[in-house]
Amino acid sequence: MAVQPPDLATVRPGADPAADPLDAGPRPRGRTGRRARRRTGKGLWIPGTILGLIVLACFVWPLVYRDLPSPTAGSLLQANLPPFSPGHLLGTDPLGNDIVSRLLHGGRVSLEVGLTSNAIGLLLGGSLGMFAAFRGGWLETVTMRLLDMLIAFPSLVLVLVVSTYLTPSKLNVIWAISFFSIPTFARLARAATLRLREQVYVVAARLAGARDSAILLRHIAPNVLPQLLTYSLLWVAAAIAIEASLSFLGFGVPASEPSWGMMISRGQAYISSNPELVLIPSACLFLTIVCLNTLGDALRARTGAP
Amino acid sequence: MTTQIQPDAAARTGDPDAPLLTIENLEVTFRTRDAPVHAVRGVDLTVYAGQTLAVIGESGSGKTVTSRAVMGLLPRTASVRGSIRLGDRQMVGLGEKELRKCLGREVGMIFQDPARSLNPTMRIGSQLTEAIRVHLPLDRRQARERAVELLAMVRLPAPARRFHEYPHQLSGGMRQRVMIAIALACQPRLLIADEATTALDVTTQAQIMDLLLDLQQRFAMGLVLISHDMGLAASYADQVAVMYAGRVVERAPTREMIAHVRMPYTRALLDATPRLERPPHAPLPVISGRPPDLRALDPGCAFAPRCSRVRERCRQERPELAEHQPRHEWACFFPCADDTIPGEDER
Amino acid sequence: MTTGNGTGRPLLEVRNLVQEFVVRAHGGVRGGVVHAVSDVSFEVRAGETLGVVGETGSGKSTMVRSVLQAPPPKSGEVWFQGVDLATARRRRDLVAARRQMQAVFQDPYGSLDPKWTVFSIVEEPLAAYRTGDRRQRRARVEEVLDLVGLDPSVFGDRKPGQLSGGQCQRVAIARALTLAPALIVCDEAVSSLDVLSQAQVLNLFERLRTELGLSYLFIAHDLALVKQVSDRVAVMYLGTLCEVGPAEELYRNPLHPYTKALLDSIPSPDPERPRPRVPDELAGEPPSPLDPPSGCRFRTRCPRAADICAAEAPPVRAARPDHTVACHFPLSPVAPVSPARHGGDGAAD
């Protein structure tokens, strides 16, 4: 008889370390869930709120507040206004564009690029990895080797190549960045699927007569998705950073659509006279990325994903 | 090969009649979000040199928590009250550093899963040598010699060769032998085996138990077997303590216990164990229900809801463990008479 | 309940089953073929329980998986209700057979998807076979949950994480029962449960056997446990069957030295019985299935081994009606004839 004695050294992810070994009956999941929430509460709610505010400001404020000046149609007459000038809370840049409006617009571009490239990676990469791992055999080998080749490329160089070849536009930047998110998500999904495929309940489902597609959709995907989602938060941060680097180097989105990276790049020339031109967008970029990373870490700790 | 080991052990066993381990009124409570979990609720146990005590219980009975409390291996959420004396040293409230000094030197422990107790990236030899050098002032070469000696002592085949191997190259039984060697590296006076043979095959289990009893005799160690298996306890232990819901509910010398079971829970355990003597397809007499929730316990006997002999008094009042017959203690108001089967007699 | 016994053939008949795996150890070095199951034949008759005992590495779990065709065996025949599953290339035959052959595995938590409710877990086979409409399925799920002693209104919406080990195992049994199978394969199904919940589940298996006329292929490493539920017992060592016989007789009068060693190793709750004693020869470790011994697989640990044991594999011989052994020197004399097959026609001659 191999009765598992309670083992204090091994606590299942998400389980209550004290109650688990002494488990005397049903596992009250609600309780352990609450506990975990408290433990990671700060890491979850603070960055979550800040991110929510940033998203609201970037996407909703321009819609609600109609008087917001256009980010690109500034007048040279109003160039280089200092912060707290009437009508221009953070002042204007050397071309007379309102900085608040540029910031909001830039944030929108950054987030759009980050989220979209991420969604592409998650969907395409995730399903590729899952499918490859589930089917196994030569299909898996070929798919994964191809994706490995993508990963092996120095990322920035590839993005540069792609975005110079294609005309600079937001869409092309998104595709360029997706080139990295796809293999990363695919590998993650593959690793998770390989682990799940060996789970007894997957074998049991097959013995119960479930078809491959049903197993993939109903057993594998729901268990892989939380891991991918958690990881994707970290990827949004990375994608935003890549977009900023591209814009900084001048290969990003076109000048008609300011992004944070572009603002930093343009502001560079004036760093001694008007340091706020660089500092303010940098601070926004920094805050967003830090929040995304902390949130991702907190979620990962909570779901117990690797 | 054991000449080096023997005299030291003999020197340390001072008074042979003094108990090695005395646990008095031990209580362990785990803090959780909503209600504290009372894992161990007043346990008294004594182990003498050269004696084997089996602690029997299901998961959640508190047997493992008790043994971990002795080793100071409980998580931070645990609060420990009561007294655990090893020789004449009080272990409860001991600082981490002093505790560590004690562990290994005074008391060794082996666990159920030898695969996870060994570091997969280190050679057997290095792990053993490390364990020796933590406690004994030996140089590298001496520690090595000692390690090979220990591996031979636990009857690991070809110890000098195995010394250079990694855990994954050994079978489960061999790994458990290595764990025993590590636990015995400093000749502790007390060895706790927590389900040490549960994961092993029966033939391997028999060999490991042989080895453990042999070593115990040689070094006059106290041995505590934590197990769920009545058969193991009956075959190898001098004394058996049965735990239920964090308390010892019956304790007696093994023969006395099996021959005259008093506690209805012990009876239920014995009856529900499949035995070679039973004919196939005979239904196992088994009680229904599950162990109580250790967060919210009623004032009465914890076993009352599942007990076939329960009466009103059992729900109101908690029976204490007491020596009702010479050397036979139980915690029950209405103990089984000899040869009763639960449910068969009147309620 | 159809058991497929109309023709007088056994419900499940396994002939010369072989399962091997190629392992590539690090960088292709030290690779080889794991001979997990080598030429195993046995049968399970309608309405009976065949217990299979063996130690870790004996290949009993692999054997079960091969019977279930997950993954299919390398060679050999698995006849179930008149269909050879191993050669049933048409998916439909396999699927139809699987409906009648369900499994319960060891790990109570691992065999249930943690994200599903008890209700949907038990419903899954019905959904997979597109059986009945929603209301019929619901009724069936409630029926089988009742059958295994779980109140559907209480447990239906719970998830595996909210259940105890014993309750999880009941859910797994309920899932196995939904399609009204003829055979349930139990792979260490109660091994990870506590003594009392183990006894409860064992009694449940027995009740279902008599109520539904089920057959079981019951795999475990615990001999006492196997005896509790089995009509006949097969002893497995290193991928081969040593001995197959009626439970009572095999335990009372073992013929194979390995069976005897196993029986002698079990500690009994009766303190009057002698302490388990293992012959010195057995003290060694079982050989690796990567490189099994020639001839009789048990010879390296056998106290009775002689030259012939290394030279040739022992034939399966019928000792008594229905009791077969594969040993050159069995513990009591057996008939010199050798055309018997384990658990097979031995009874006939």
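What you see below is based on every heavy atom in this structure, not just the backbone, and it leaves out hydrogens, waters and symmetry mates. Per chain, numbering begins at 1; letters A, B, ... match sequence-line order.
The number of heavy-atom neighbours closer than 6.0 Å to NZ of Lys115(C), taken from other residues, nucleotides and ligands shown, is above 12. Atom CZ of Phe179(A) sits in a sparse spot, with 12 or fewer heavy atoms from other residues, nucleotides or ligands closer than 6.0 Å.
Taking Thr178(C), Asp113(C), Val104(C) one by one and counting their heavy-atom pairs under 4.5 Å with chain A, the maximum is reached by Asp113(C).
Using a 4.5 Å cut-off between heavy atoms, Arg175(C) contacts chain A through its side chain alone, with no backbone atom that close. Contacts between Leu179(C) and chain A at a heavy-atom distance below 4.5 Å involve the side chain alone, from C-beta outward.
Contacts between residues 212-221 of chain A and chain C, defined by a heavy-atom separation under 4.5 Å, are made by Arg218(A), His219(A). Contact residues of residues 199-206 of chain A toward chain C are Gln199(A), Val200(A), Tyr201(A), Val203(A), Ala204(A), Ala205(A), Arg206(A) (heavy-atom distance under 4.5 Å).
Of all the heavy atoms in Glu124(C) and Ala210(A), the pair that sits closest is OE2-CB, 4.0 Å.
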